[in-house]
Amino acid sequence: MSDTTPSAEMLADMYALAVRARKLDERCWILHRQGKIGFHISGMGHEAAQVAVTFAMRRGHDLLHPYYRDLAMVLGCGMPMADVLLGSFGRAGDPSSGGRQMPNHYCYKPGNVFSVSSPVGTQLPQAAGLALAEQLRGGDRVVVTCIGEGSTSEGDFHEALIWAGVRKLPMVVVVENNEYAISVPMKLQMAIERVSDRAGGYGVRGVSVDGLDLLASYQAAREAVDLARSGGGTTLLEVRVARLTPHSSDDNDSVYRPAAEKAALKLKDPLPKLRAQLIAMGALSEVAAREIEERALSEVDAAHRQAEAAPYPPEAWALGPVFAGEEA
Amino acid sequence: MSDTTPSAEMLADMYALAVRARKLDERCWILHRQGKIGFHISGMGHEAAQVAVTFAMRRGHDLLHPYYRDLAMVLGCGMPMADVLLGSFGRAGDPSSGGRQMPNHYCYKPGNVFSVSSPVGTQLPQAAGLALAEQLRGGDRVVVTCIGEGSTSEGDFHEALIWAGVRKLPMVVVVENNEYAISVPMKLQMAIERVSDRAGGYGVRGVSVDGLDLLASYQAAREAVDLARSGGGTTLLEVRVARLTPHSSDDNDSVYRPAAEKAALKLKDPLPKLRAQLIAMGALSEVAAREIEERALSEVDAAHRQAEAAPYPPEAWALGPVFAGEEA
Amino acid sequence: MADKTLIEGIREALDEEMARDERVIVIGTDIGVRGGVFLATQGLYAKYGPNRILDAPLAESSIVGVGIGAAMNGLRPVCEIQFADFIHPAYNQIANEAARMFYRTGGQYPVPMVIRAPYGGGVGGGLYHSQSIEATFAHVPGLKVVIPATPADAKGLLKTAIRDNNPTLFLEPKKGYRMIRGPIPEDQGCVPFGEARVSRPGRDLTVLAYGMMHFYALQAAESAAKEGLDVEVVDLRTLNPLDSAGVLASVRRTGKALIAYEDNKFVGYGAELAAQIAEDAFTALDAPLLRVAAPDAPAAPYSHPLQDAFLPGPRAILDGIRTLARY
Amino acid sequence: MADKTLIEGIREALDEEMARDERVIVIGTDIGVRGGVFLATQGLYAKYGPNRILDAPLAESSIVGVGIGAAMNGLRPVCEIQFADFIHPAYNQIANEAARMFYRTGGQYPVPMVIRAPYGGGVGGGLYHSQSIEATFAHVPGLKVVIPATPADAKGLLKTAIRDNNPTLFLEPKKGYRMIRGPIPEDQGCVPFGEARVSRPGRDLTVLAYGMMHFYALQAAESAAKEGLDVEVVDLRTLNPLDSAGVLASVRRTGKALIAYEDNKFVGYGAELAAQIAEDAFTALDAPLLRVAAPDAPAAPYSHPLQDAFLPGPRAILDGIRTLARY
Ligand SMILES: Cc1ncc(C[n+]2csc(CCOP(=O)(O)OP(=O)(O)O)c2C)c(N)n1
Ligand SMILES: Cc1ncc(C[n+]2csc(CCOP(=O)(O)OP(=O)(O)O)c2C)c(N)n1
Ligand SMILES: [Mg+2]
Ligand SMILES: [Mg+2]
């Protein structure tokens with residue numbers, strides 16, 4: 001355990017990543033309310049778990065096939081804030097898709113981040129394929145893929161986990177369980193208490209962890225990534241998180257989420273908790289924390305300015321490229 | 001337990017059903033070798049388990065959504081042998097499909113047997129829907145559906161089991177595990193020892209039983225059906241059986257099945273074992289057993305004659321009916 | 001009679017059919033308390049309860065597969081797929097199972113089921129909230145495919161679909177949910193399948209369209225009228241069964257046909273219309289056929305300039321009308 | 001040069017491409033020791049081992065999905081779907097994922113993957129071992145669709161597919177696996193996509209076909225010749241990209257076109273051919289277009305008289321030729 005305990009420096013970096021994601025996320029909601037961007041889907045409440053998983057990876061070396069809430073993860077894998085916002089604004093410079101996909105459908109090749117799709121669950125068999133290729137060539141890269149708990153109901157989840165078990169793939173399947181799929185509560189997706197209970201049926205390791213607790217999540221993620229790298233196969237890692245926002249900017253969750261539950265959400269926010277914890281541990285001073293927060297905000301401001309000023313894609317990008325050119 | 005212990009009479013009936021299925025099955029292989037029928041896929045080695053499950057049902061009352069190996073089950077639900085053979089010969093009188101589907105794609109409405117499809121696994125969500133309708137209207141019919149172990153890898157298996165768990169559906173999912181999916185061995189389908197280990201991930205009951213042992217299978221099936229009827233939800237019932245034949249008449253299993261394994265298959269045949277057991281128990285005399293066997297053979301002969309003499313469907317049946325006529 | 005929206009037509013049909021026939025149930029995601037992401041089922045959960053309005057697990061293949069089973073056991077399910085783009089996981093249950101069940105059982109097991117799905121672009125939905133899927137499914141024998149273009153038809157055709165004993169894919173032009181308005185008669189009944197509607201008579205040429213493109217076709221025809229062109233617009237309403245006779249009759253009258261669809265052009269539904277015309281109204285044709293459709297790229301992109309460049313609309317149809325008229 | 005079968009062409013292409021490029025792997029069910037149910041991979045497991053020939057779980061969506069991932073991580077998978085009828089569970093991974101990946105990443109992530117599937121009827125396979133699926137997939141932008149009609153093309157087109165950087169659906173007319181024979185040159189190389197082949201030149205009319213129907217078209221043309229009709233037969237070879245120029249050129253030469261396909265007629269691939277001809281070669285047409293295709297019922301039934309009644313063959317094509325010739 002001790003060798004995976006994060007240093008004070010790393011803890012500060014982790015906090016910085018969580019804050020960067022949060023500040024950018026908040027800005028997106030504002031931009032949406034201002035009518036400047038057409039859509040936003042948020043990672044708020046998932047950040048601690050996402051940061052933990054990201055830091056457990058060898059970032060830039062390992063492969064990430066994320067889902068739409070994984071803002072902290074893609075930032076952690078090196079995607080600049082401005083690049084995220086270029087997507088939100090649908091601008092040409094959007095490295096995910098050149099403005100073709102909806103916001104938050106991340107792709108960031110320099111960071112080994114694969115393209116987020118809308119149809120949920122499709123990334124899982126693909127992640128298994130990424131891991132299979134890695135295994136066949138004897139590489140040491142681990143594949144991390146993420147999915148919401150509701151989306152584990154899709155057949156693709158099952159099929160991917162079968163591959164994972166049968167071939168002992170070097171993969172971590174992170175289920176970000178926020179207990180809702182839009183309005184549908186977890187109990188209508190599964191008759192079990194923990195998503196990780198599904199692991200046994202596939203012969204893979206199953207772990208559930210409090211995803212609001214960054215340190216616990218980091219330990220769990222680190223073990224899973226290390227195990228995958230050392231040939232021990234796949235872990236189904238459930239992080240229990242909270243969706244602090246409506247499903248997306250198109251959603252009104254007060255229709256289906258009890259007022260008391262919504263009110264109690266503030267208490268679940270992992271960030272204040274993390275901040276206090278790190279200060280108590282001495283990993284962070286109040287001053288350093290505030291510096292991190294201010295730096296994140298300036299970064300958001302700069303990214304916002306840059307993205308908003310960026311040009312739209314040329315119309316021709318609507319038409320292609322559809323097919324890759326030939327090469328031998 | 002005692003009230004579910006089969007009477008001697010019932011045991012004799014069970015043996016009779018197993019023998020009828022076996023004799024008919026053997027005839028089909030002969031007819032195929034003679035070039036009289038185009039295809040056969042066999043239930044040999046699965047009969048004990050199938051008979052057990054069938055007798056655990058209220059036949060004609062409960063619903064059966066079987067798969068292609070379930071010859072003993074459809075006979076048990078009242079399908080006449082001749083009707084089976086009309087399908088094998090592709091004749092008009094085939095009650096399954098009027099000659100439209102391949103042989104062994106059973107459907108027998110008078111016995112509440114739903115139509116077998118070729119794409120494996122599709123029957124499972126449909127069976128969940130049958131059970132859902134039953135539950136919603138407060139009916140007491142149980143839905144039994146069957147699938148091979150290889151086909152449990154399909155996403156549809158997962159999705160159906162989720163419904164089963166979430167809604168506590170009155171259903172029994174029978175997995176007939178013969179350790180092969182055509183040539184692909186079980187270990188390439190799952191990294192677990194027993195298919196029933198998959199039950200835990202769905203919050204349904206999981207049971208594995210020696211499907212070569214009719215009495216053990218009957219107890220297990222009876223418990224599962226009774227539980228379903230009494231509101232206790234779904235059981236995933238794995239019956240461990242043996243595929244005594246190649247996958248189908250199109251297959252040559254000596255390419256992939258070790259000779260020693262093939263030779264040892266005879267020892268797994270559930271029928272001689274059952275016969276000896278019933279005689280030892282006093283449920284059957286040697287004479288009675290022989291009578292059952294001879295009666296089955298005459299039944300096969302008669303059915304064979306009837307089916308072979310039956311007319312082909314009119315050409316118009318190729319074109320329809322495609323759509324059901326309107327009714328208010 | 002105050003105008004209503006297309007989505008109101010949908011909701012009224014569901015409500016009235018559920019009230020009329022207790023075998024009708026609705027299965028889908030977020031259709032319960034949430035009332036559906038487009039609010040098609042708003043209020044129905046409160047009215048009919050959890051045994052009639054069933055929030056499903058997020059698993060489209062099972063939404064359809066469970067629907068098939070329920071339909072074969074006495075119910076009449078209406079399955080909602082949240083966006084047409086997400087029907088793809090259910091393709092097997094729809095094409096191999098629902099559509100083939102009646103034929104494969106020699107008519108013993110009808111599957112009285114409706115699958116509703118919002119489809120089409122123009123709402124900033126990008127590649128996966130904009131797709132047109134009608135050609136893919138109209139090609140499947142045994143499946144009916146319906147697309148309403150007015151609120152009254154939305155109601156009347158959905159009622160027919162629910163009462164029909166066959167699996168029916170009911171595609172709703174989502175951009176039109178609130179944009180397309182019109183009267184719905186108090187006593188709006190069933191609108192029969194297989195009857196196209198001449199929504200604007202004209203002599204110079206025929207525009208064949210459905211869904212949102214029908215809405216645009218009327219606009220284009222209006223503009224063309226100002227240029228002295230008398231354009232007939234035909235709303236197909238049901239794609240399978242297709243009212244071939246109605247289509248051919250119009251083309252025979254005008255001698256020219258523009259076929260408008262929002263889907264990708266290549267092997268799209270309009271190709272079938274073109275083929276039937278070229279086979280059966282060949283001698284009546286005074287000009288080549290002309291298709292106005294989306295390019296053969298994946299789907300309408302998110303970024304607004306790209307979306308606009310991608311989607312065919314009134315302008316593209318008007319251009320086509322002018323081209324044909326000049327011929 | 002001794003004649004070979006179509007399936008031999010497939011096997012040779014796989015073998016040579018695997019030998020040539022170690023990134024090529026094969027994924028499917030029963031493709032290992034069993035060598036595939038049609039023996040397309042016979043001998044390859046022994047030669048290339050379990051790290052190149054991977055027996056998959058019985059789960060088509062994952063066979064394609066895993067293929068996509070492997071393709072994005074440096075391999076060049078050839079995924080085998082045992083029968084085209086069983087590709088339906090993978091429709092989502094093919095249409096929403098493989099085909100859209102390159103576009104949705106602005107060209108960053110090509111998916112160099114081949115999906116092979118035996119298709120078509122006439123082998124007593126009933127509803128689920130007889131389907132034609134080309135129209136469904138040719139309509140998907142971003143996916144190439146190829147159908148060989150000769151052993152040499154089977155080899156040459158499959159080689160091209162494996163080297164192509166795009167997802168390619170490679171459909172093999174299973175009835176022709178052993179029935180279609182012909183020479184395969186020792187040095188058979190890649191056959192380019194997008195080039196239709198005039199397999200029989202003629203002046204009176206054009207028959208457009210592919211796969212098994214091309215085989216029948218040649219037979220029908222032979223019979224027609226005896227009646228004094230000089231029929232041109234064009235083998236499309238690749239359905240997407242379609243060699244529109246080649247198709248139109250032939251039709252312009254002959255003035256008449258019969259479009260033959262084994263799939264259900266309605267919204268089938270032939271509709272697109274008809275549409276393009278009616279749009280772009282209208283003035284060259286001397287007669288209505290004519291499609292010869294399967295009826296709009298689920299698929300070829302099992303029982304032989306029904307199967308024969310269902311499937312179009314040389315006789316139906318010949319009848320069509322006569323009809324067109326008389327016009
Ligand atoms: C195949 C498919 N069906 C439906 C949708 C619409 N949809 C988008 S997100 C979502 C809920 C996903 O819930 P969950 O997996 O729990 O993830 P969360 O959003 O809660 O993080 C739904 C239904 C979709 N994107 N894809
Ligand atoms: C979706 C689909 N894929 C492939 C096939 C071809 N196929 C028919 S049976 C079979 C093996 C099934 O194995 P299993 O489920 O173990 O049942 P068993 O035949 O052993 O009883 C396969 C691959 C099919 N019928 N459906
Ligand atoms: Mg969730
Ligand atoms: Mg098996």
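The shown structure was predicted, so the numbers you read here are calculated from the model rather than taken from an experiment. The sequence lines fix the lettering, A, B, ..., with proteins before strands; numbering per chain opens at 1.
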Please identify, among [options], the residue contributing the most non-hydrogen atom pairs under 4.5 Å to chain D.
options	result
Ala127(A), Pro119(A), Gly98(A)	Pro119(A)
Gly129(A), Gly155(A), Ala128(A)	Gly129(A)
His65(A), His105(A), Glu134(A), Lys109(A)	Lys109(A)
Ser118(A), Gly320(A), Gly139(A), Pro313(A)	Gly320(A)
Ala160(A), Pro125(A), Ala131(A)	Pro125(A)

Q) For Ala56(D), is it the side chain, the backbone, both or neither that has a heavy atom under 4.5 Å from a heavy atom of chain A? A)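 When you check distances to chain A, atoms from both the backbone and side chain of Ala56(D) fall under 4.5 Å.
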
Q.
Heavy-atom cut-off 4.5 Å, strictly under: side chain, backbone, both or neither for Leu143(D) against chain A?
A.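 Backbone only.
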
Q. Crowded around Lys168(A) NZ? As in, over 12 foreign heavy atoms under 6.0 Å?
A.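 Open.
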
In Å, rounded to the nearest 0.5 Å, how long is the span from [atom1] of [X] to [atom2] of [Y]?
X	Y	atom1	atom2	value
Arg104(D)	Ser97(A)	CZ	OG	9.5 Å
Arg52(D)	Leu136(A)	CZ	CG	10.0 Å
Glu154(A)	Ser61(D)	CD	OG	9.5 Å
Gln108(D)	Cys107(A)	CD	SG	5.0 Å

Side chain proximity check, [X] to [Y], heavy atoms < 4.5 angstrom:
X	Y	result
Asn73(D)	Arg141(A)	yes
Leu132(A)	Leu54(D)	yes
Glu22(D)	Arg137(A)	no
Arg100(A)	Thr105(D)	no

List the atom of [X], the atom of [Y], and the distance in Å for their closest heavy-atom pair.
X	Y	result
Asn165(D)	Gly325(A)	ND2-O, 3.7 Å
Tyr103(D)	Trp317(A)	OH-O, 3.7 Å
Tyr109(D)	Val113(A)	OH-O, 4.1 Å
Asn166(D)	Ala324(A)	OD1-N, 2.7 Å

Q: Evaluate ring-ring contact (aromatic ring centres under 6.0 Å, His included) for Phe102(D) paired with Phe323(A), printing each intermediate quantity in order.
A: CA-CA 7 Å; Phe102(D) 191 71; Phe323(A) 287 110; 8.5 Å; no

Q. Quick one: which of Ile68(D), Asn92(D), Asn96(D) gives a side-chain contact (heavy atoms from CB on, under 4.5 Å) with Thr122(A)?
A.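 Testing each of Ile68(D), Asn92(D), Asn96(D) against Thr122(A), the sole residue satisfying side-chain contact (heavy atoms from CB on, under 4.5 Å) is Asn92(D).
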
Under 4.5 Å from a heavy atom of chain D, the part of [X] involved:
X	value
Leu319(A)	backbone
Ser117(A)	both
Leu124(A)	neither

Q: Output yes when a side-chain donor or acceptor of Glu159(A) lies under 3.5 Å from a complementary backbone atom of Ser62(D), and no otherwise.
A: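 Judged by distance alone, yes, a pair lies under 3.5 Å.
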
